[in-house]
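What follows is a short report on a single structure.
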Amino acid sequence: MAGSTLTLRLQDIALSRGGQPLVAGLNVEVSGGEALWLTGANGVGKTTLLLACAGLIAPDDGKIEWEAGGSARTPADVAAYAAHRGPERDGLTLGEELSFWQRVSGDTAALDDRLAGVGLAGRENTPVAGLSAGQRRRLGLACLMAAAKPAWLMDEPLAGLDAEGRALVERCVSEHIRAGGLAVIASHHPVALPGISARKLVLSA
Amino acid sequence: MAGSTLTLRLQDIALSRGGQPLVAGLNVEVSGGEALWLTGANGVGKTTLLLACAGLIAPDDGKIEWEAGGSARTPADVAAYAAHRGPERDGLTLGEELSFWQRVSGDTAALDDRLAGVGLAGRENTPVAGLSAGQRRRLGLACLMAAAKPAWLMDEPLAGLDAEGRALVERCVSEHIRAGGLAVIASHHPVALPGISARKLVLSA
Amino acid sequence: MLTRFANPQRFIRLASWLAPVLGISAGVALALGIWQSFASPPDAEHGETVRIMYVHVPAAWSAMAAYTGIAVASLISFVWRHPLADIGARSLALPGAAMTALSLVTGSLWGKADWGTYWQWDGRMTSVLILLFIYIGYMAIWQVVDDRKRAARLAAITAMIGWINIPIIKFSVDWWNSLHQDATVSSPGAPGLPPEFLAPLMTMALAYTLLLAWFVMRGMQAEVAAMRRARRPAPVATATIEAI
Amino acid sequence: MIGALVRRELRLSLRRGSSIVLPLAFMALFVLLCGLALGGSRPELGPGLLWLAATLSILLGLERLYQPDQSSGALAQLHLAGVGSGSIAAAKAIAFALTTLLPLLLAAPLLALLLGMSGTQIAGTVLSLVVGGPALIAYASVSAALLCAQRGGAVLSVLLSAPLLIPVLIFGVEAAESYPALGLGAVQFRILAGLSLLALALGGPATVAAISANRGPA
Amino acid sequence: MIGALVRRELRLSLRRGSSIVLPLAFMALFVLLCGLALGGSRPELGPGLLWLAATLSILLGLERLYQPDQSSGALAQLHLAGVGSGSIAAAKAIAFALTTLLPLLLAAPLLALLLGMSGTQIAGTVLSLVVGGPALIAYASVSAALLCAQRGGAVLSVLLSAPLLIPVLIFGVEAAESYPALGLGAVQFRILAGLSLLALALGGPATVAAISANRGPA
Ligand code: HEM
Ligand SMILES: Nc1ncnc2c1ncn2[C@@H]1O[C@H](COP(=O)(O)OP(=O)(O)OP(=O)(O)O)[C@@H](O)[C@H]1O
Ligand SMILES: Nc1ncnc2c1ncn2[C@@H]1O[C@H](COP(=O)(O)OP(=O)(O)OP(=O)(O)O)[C@@H](O)[C@H]1O
Ligand SMILES: [Mg+2]
Ligand SMILES: [Mg+2]
C-alpha cells in the first residue's frame with residue numbers, strides 16, 4: 001500500500017453515457033486515508049463515474065488525475081475496481097478464477113487464505129456458475145483484495161450480501177483506509193466505517 | 001387477483017443444488033394476504049427455495065402444493081417469479097422487452113403506464129444492455145406486475161434500488177397483498193410492509 | 001472546447017467557397033470528358049467497347065485513390081486525434097465505394113463484351129471486389145459503433161490495415177497471369193496510349209478527382225454542421241458533497 | 001402467441017447481425033469462400049455446397065437456439081406465463097428456418113453465378129432444400145433443446161445432431177442432383193419428403209419434452 | 001504472464017466443449033460432411049476443403065475470442081492489473097491457434113482417407129496451413145478485437161476479416177496444390193510466408209490498438 005500522499009482529483013468533470021449527458025462540472029478531491037461515498041438515484045451516473053475514475057471511459061470534459069508519492073499516476077498504477085458484476089467466466093471453477101487473478105496481480109497470498117478471507121473456504125472446486133448471488137460478490141471482493149492497489153473503486157459492495165458479509169466488507173474497507181488507502185464507494189446503503197473520515201457525494205437529477 | 005383462499009404449502013421439503021443438500025424437513029404454509037420474508041446467510045438456499053416454489057426445480061423430498069379457490073393448482077397457474085436477474089435479452093430495447101412479456105402474460109395495461117409505474121417513463125427505446133443496475137431491477141418489477149398472478153416470488157427485490165425504488169417495491173408488494181395476493185420474498189434486508197401480516201423464515205446452515 | 005473547434009471553423013469558411021468551385025469544375029470536366037469519349041475513334045483491338053475504358057479506368061483509379069486518402073486521414077486521426085481527419089476519412093468512404101462499384105460493373109460489362117464472361121476469378125477482379133468489401137466494412141463500423149471517439153479509432157485501425165489491398169490491386173496483373181489488361185498507362189515503363197485515347201481518359205480522370213473532392217467537401221460540411229447542431233442537452237445531475 | 005415469439009426471435013437475431021443484410025452477406029461470403037477454395041467453375045459441386053452451407057449454418061446456430069433463453073431464465077418465465085413448450089418449439093423452429101435457410105436460398109443465385117450452375121440445377125437445389133429443410137430444422141431443434149441447460153452443451157449437441165442430419169444431407173444432395181433429369185417426381189425427392197415427415201413426427205414431441213425438462217436453472 | 005493467460009483461454013474453450021475430444025470430433029465431422037456432400041474420392045478438392053475448414057473454424061471462433069472477456073469486464077480488469085494489451089493479444093492468438101488449427105491438422109488424415117488424397121497431398125496441405133496459419137490468426141484477431149464491444153459485432157467482424165483472409169486462402173490453396181510437384185521451395189510457399197509475416201506485422205499492432213480502444217464498457 002502506497003503512502004498517504006495518494007490523491008484522486010476530479011476537476012470540472014462532465015460525463016455522458018450512450019450520448020446522454022449525466023453529470024457536469026463535478027469537482028472533488030479524495031486522498032489516502034479517506035472514503036468517498038457516492039450515492040444518488042438509479043441511473044444518475046454513479047457507475048459511470050467509477051468507470052471514469054478507473055480510466056475505463058473518458059470524461060467528455062475536465063480532468064481526472066491520480067497522484068501518488070508526489071507524481072502523477074495512471075489509474076492502472078493505483079486503482080482497483082470492483083464492478084457490480086465481476087470479470088469471472090462461467091466455465092471456470094472458483095479456484096481457477098481467483099488464482100488466475102491472483103497470478104495476474106502478482107498476489108502471493110495462498111488461495112485458501114484468500115477464499116477463507118471472504119467466507120468461501122473449501123469451495124475452490126465449485127464452478128463459478130454455481131455460486132449464489134452473494135457468493136459471487138464475495139469472489140469480487142477477494143479479487144479486489146488480491147489486486148493490492150491503494151485505491152479501491154467499489155460499485156454497490158453491499159448488494160446481495162448477508163449481514164455477516166456486509167460486516168466483512170466494512171471491515172476490509174476500514175482496514176484498507178486505515179492503512180493509507182482510499183476508497184470511492186457507490187452504494188445505495190450507507191457503508192458504516194467507524195472512525196474513518198468519509199464524505200458523501202450525492203448525485204441528484 | 002384470485003380470492004383469499006390462495007395457499008402455498010411446503011411439507012417436509014428437502015432441497016439440494018448441484019448434488020449438495022441444502023435444506024431438509026422444511027414445513028411452512030403461506031396464504032393470500034400474507035407475506036413470508038425469507039432470509040439467511042449467503043448460499044444457504046433462499047434462491048433455491050424460491051425456484052422450488054415456482055416449480056422450476058423439484059425438491060428432493062416432500063411436497064410443494066399450491067391451492068386456490070379450493071382446488072390444487074400448478075405453480076404456473078398462480079405464481080410469478082422475479083429472479084435476481086430478469087429474463088431480458090440484451091439485443092432488445094426496453095419497450096420491446098416489456099411489451100413482449102406483457103403480450104405473453106395477456107397484460108392489457110399500456111406500455112407507457114407500466115414503464116411509468118416503475119420510474120422508467122420515456123425510456124422505451126433504451127436498449128436493455130444500456131440500463132443501469134437499478135433500472136434493470138425496475139424492469140424486472142414491471143414484468144412481475146404485468147404477469148398479474150396472485151402469488152409473487154421475489155428474489156432480493158431491494159438490491160440495487162435507490163431509496164425511492166425500495167419504497168416503490170414496498171408499496172407494490174403491500175398493495176398486492178392487500179388485494180389478497182401472497183408474497184415470498186428472499187431478501188437480506190427487511191422489506192417494510194406496514195399493516196401487512198408477515199412472517200420471517202430464517203434458513204440457517 | 002474552443003480550441004478544438006477553431007480549426008473546423010476555418011474549414012467551414014474555406015469549404016463555403018471551395019465546394020461550389022469544385023462542384024462546377026467537376027461538372028464541366030465530366031461533360032468535356034464524355035464528349036471526348038464519344039468523339040474519339042474506336043480501338044483496333046477492342047472496337048467500340050473501348051469507350052467503356054473512359055469510365056472504367058478512372059473509376060478504378062479514383063477508387064484506389066479514395067481509399068488511400070482514407071488510410072492517410074486515418075493515420076492522422078489515429079496519431080494526432082485530429083477530429084477533422086476522421087470526418088474527412090469518413091466522407092471519402094461513400095464516394096470511394098461508389099467508384100469501386102462503378103469500376104466493377106463497367107469492368108464486368110467490358111469483360112462480357114471482350115472475353116465473353118461477366119466474371120472471372122482473376123486476381124484483379126477479386127482484389128477490387130475485396131476492396132468493395134473493405135469499404136463496406138469501414139462504413140459499417142461508423143454505422144454500428146455508437147460512441148464517436150471509439151468509432152473513430154476503430155475505423156482508423158480498419159482503414160489502415162485494409163490498405164494492404166491497394167498494392168495487391170495495383171500489382172495483381174503482374175503477380176497473377178490474369179486476363180486483365182497489364183498496366184499500359186499507369187506505369188512508367190509501359191507502352192502508353194496514343195493521344196486520341198489518352199485525352200478523354202485524362203479528362204475523365206480529372207473529372208472524377210474533382211467529383212471526389214466535391215463529395216468530400218460536402219460530406220465534411222454536413223458532418224461539421226451536424227456536430228455543431230447537436231448541442232449537448234443540459235446534463236441531468238448536479239453533485240453535492242456532504243460530510244458524514 | 002406464436003407470432004409474438006417469432007417476432008422476438010427474429011428481432012434478436014437481426015440485432016445480433018445489426019440488420020437483415022448481414023446474415024445474407026454471411027451466406028454469400030461462405031459461398032464465395034467455397035468458390036475460391038475449390039477453384040473456378042464447377043457446376044457439379046453446386047448442390048453439395050449449398051447443402052453443406054445449409055447444414056453448417058444450422059449446426060452453427062444450434063448454440064443460439066435455446067441456450068440464451070435458458071440461461072437468462074426466459075424459458076422459465078415463459079412457462080410461468082402459461083406459454084406451452086409446443087408454442088416455444090414451433091416459434092423457435094420457424095424463426096430458425098427464416099434466419100438460416102432463407103438467406104441461403106436468397107444467396108443461391110450468387111452461387112449459380114460463381115460456379116456456373118444452370119437454372120434447373122439451382123432450382124433443383126432450392127427445391128430439395130425446401131423439401132428437406134424441415135428435417136434439418138427438426139433434428140437441430142431436438143439436439144439444441146436437449147443440451148441447452150448444459151454449459152459446454154453446444155459442441156455436444158452438434159455431435160448429437162450430426163448422425164441425424166447426415167442422411168438428410170445425403171438424400172438432399174441426391175434429390176438436387178436428380179432434379180434436372182427427373183424433376184420433382186424423382187424417387188429421391190419422395191425419400192427426402194418422407195425423411196422430413198418422419199423428422200417432424202419424431203423431432204416435434206422430442207423437442208417439446210426437452211424444453212420442459214430444461215426450463216429450470218442448471 | 002502469457003502462460004497464465006493461455007492456460008485460462010484453453011481451459012475456457014475446453015470447458016465449452018467439455019473435453020479435448022470434442023473440437024477434434026467437430027472438425028472430423030466437418031470433413032466428413034464435406035466428403036459426403038461433395039461425393040466420393042476427389043483428391044483434388046482436398047487442399048481446398050481443408051483450407052475452407054480452417055477459414056470457417058476461424059470465422060466461427062471470432063465471436064468467442066474477445067467478446068466474452070470484453071462484456072464480463074475481464075479486459076478492463078486485466079488492464080487495471082497492469083497486463084499489457086500485447087500480452088493479451090499474444091495469449092489469445094496462441095490459444096486460438098491451438099483450438100482452431102490444431103484439431104484441423106489432427107483431423108487431416110481422416111480427410112486423406114475420405115477423399116483418397118495421397119501422403120504428399122496431405123503433407124502439402126498441412127504444411128501450407130502451418131505456414132499460412134499465422135496470417136489467418138492475425139487477421140482474425142484484429143477483426144475480433146475491433147468489434148468485441150459491439151452487441152451485434154460478431155457478424156460484422158466476420159465480414160471485416162473476410163477481405164483480409166481471402167488472399168491468404170487463395171495463396172494457401174495454391175501453395176498446397178503446388179507442393180507435390182515443387183515442394184516447399186515453390187514460389188507459392190514463399191508468397192504465403194510473406195503474407196504471414198505481413199499479417200503479423202500489421203495485425204499485431206492493430207489488435208493491440210483495438211484492445212486498448214475497446215477495454216472500457218460499451
Ligand atoms: C470486374 C472486372 C474488372 C475490374 C475489377 C477491373 C479493375 C481495374 C483496375 C483496378 C484498374 C486500375 C489498375 C491500375 O491503375 O493499375 C483497371 C485498369 C484497366 N482495366 Fe480493368 N477491371 C476489370 C475488367 C476489365 C476488362 C474486362 C478490361 C478490358 C478488356 C479492362 C481493361 C482495363 C484497362 C485497359 C485498364 C488500364 C490499365 C492501365 O493502364 O493501367 N478491365 N481495371
Ligand atoms: N452501456 C450503456 N449504454 C448506454 N447507456 C447506458 C449504458 N450504461 C448505462 N447507461 C445509461 O447511463 C445512465 C447512468 O448509468 P449508471 O450505470 O452510471 O447509473 P447508476 O447511477 O450506477 O445507477 P444504479 O444506481 O442503477 O446502479 C443510465 O441512465 C443508463 O441508462
Ligand atoms: N447452478 C448451480 N449449480 C450448482 N450449485 C449451485 C448452483 N446455484 C447455486 N448453487 C449452490 O447452492 C447453494 C444455494 O444457492 P442459492 O442461490 O439458493 O443461495 P442463496 O441463499 O440464494 O444465497 P444468496 O444470499 O447469496 O443469494 C449455494 O451454496 C451454491 O453454491
Ligand atoms: Mg450502478
Ligand atoms: Mg440468492
Side-chain angles (χ1 to χ4, degrees), chain A residues 15 17-19 47-59 66 73-93 95-107 127-129 136 139-140 142-144 146-153 155, chain E residues 1-20 22-23 61 63-92 95 99 148-152 208 210-218:
Chain A
L15 289 172
R17 198 79 186 275
T47 300
T48 309
L49 183 56
L50 286 183
L51 287 167
C53 292
L56 294 171
I57 62 176
W66 289 95
R73 299 297 173 102
T74 66
D77 290 336
V78 291
Y81 169 52
H84 195 265
R85 185 156 177 155
E88 68 272 4
R89 290 279 302 275
D90 274 359
L92 303 178
T93 66
E96 286 167 352
E97 188 69 52
L98 184 52
S99 59
F100 171 75
W101 291 106
Q102 284 191 293
R103 172 89 183 66
V104 152
S105 337
D107 181 42
V128 171
R136 262 181 202 251
L139 167 61
C143 289
L144 182 74
K149 295 286 183 72
W152 283 4
L153 306 171
D155 201 355
Chain E
M1 187 55 61
I2 293 190
L5 286 161
V6 171
R7 261 197 312 282
R8 173 166 179 270
E9 291 293 320
L10 290 180
R11 265 202 197 114
L12 279 166
S13 63
L14 295 182
R15 291 297 149 76
R16 268 179 43 79
S18 305
S19 90
I20 197 150
L22 286 176
E63 183 167 17
R64 255 161 268 130
L65 193 52
Y66 284 101
Q67 193 272 325
D69 274 341
Q70 206 287 331
S71 67
S72 76
L75 281 189
Q77 295 291 359
L78 285 173
H79 166 65
L80 287 178
V83 179
S85 301
S87 310
I88 300 176
K92 294 239 173 206
T99 52
C148 63
Q150 231 43 48
R151 213 157 325 111
V208 171
I211 295 175
S212 304
N214 276 331
R215 64 187 158 222

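In what follows, chains are A, B, ... by sequence order, proteins preceding strands, each numbered from 1. Everything numeric here is computed off the predicted structure, so don't read it as measured data.
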Minimum heavy-atom distance between E:Met1 and A:Arg103, given as atom pair plus value: N-NH2, 3.4 Å

Acceptor/donor pairs from residues 77-86 of chain A side chains to any protein atom, 3.5 angstrom cut, sequence neighbours excluded:
{"residue": "A:Asp77", "atom": "OD1", "partner": "A:Thr74", "partner atom": "OG1", "Å": "3.4"}
{"residue": "A:Asp77", "atom": "OD2", "partner": "A:Thr74", "partner atom": "N", "Å": "3.1"}
{"residue": "A:Asp77", "atom": "OD2", "partner": "A:Thr74", "partner atom": "OG1", "Å": "3.2"}

Are there residues of residues 2-10 of chain E that reach to under 4.5 Å of chain A by heavy atoms, and which ones? E:Ala4, E:Leu5, E:Arg8

Only counting residues at least two apart or in another chain, list the ones meeting side-chain hydrogen bond (donor to acceptor under 3.5 Å, both in side chains) with A:Thr47. A:Asp155

Which pairs count as side-chain hydrogen bond (donor to acceptor under 3.5 Å, both in side chains) when at least one residue sits in residues 75-87 of chain E, sequence neighbours excluded? E:His79-E:Arg215, E:Ser85-E:Ser212

Testing the basics here: between A:Arg89 and E:Asp69, what is the closest heavy-atom pair and its distance to 0.1 Å? NH1-OD1, 2.8 Å

Heavy atoms only: give me the nearest A:Val104-E:Ala81 pair and the separation to one decimal. CG1-CB, 3.3 Å

Quick check on the interface: out of A:Leu51, A:Ile57, A:Leu56, who has the most heavy-atom pairs with chain E under 4.5 Å? A:Leu56

Residue from A:Cys143, A:Ala146, A:Pro127, A:Ala76 scoring the most non-hydrogen pairs under 4.5 Å with chain E is A:Ala76

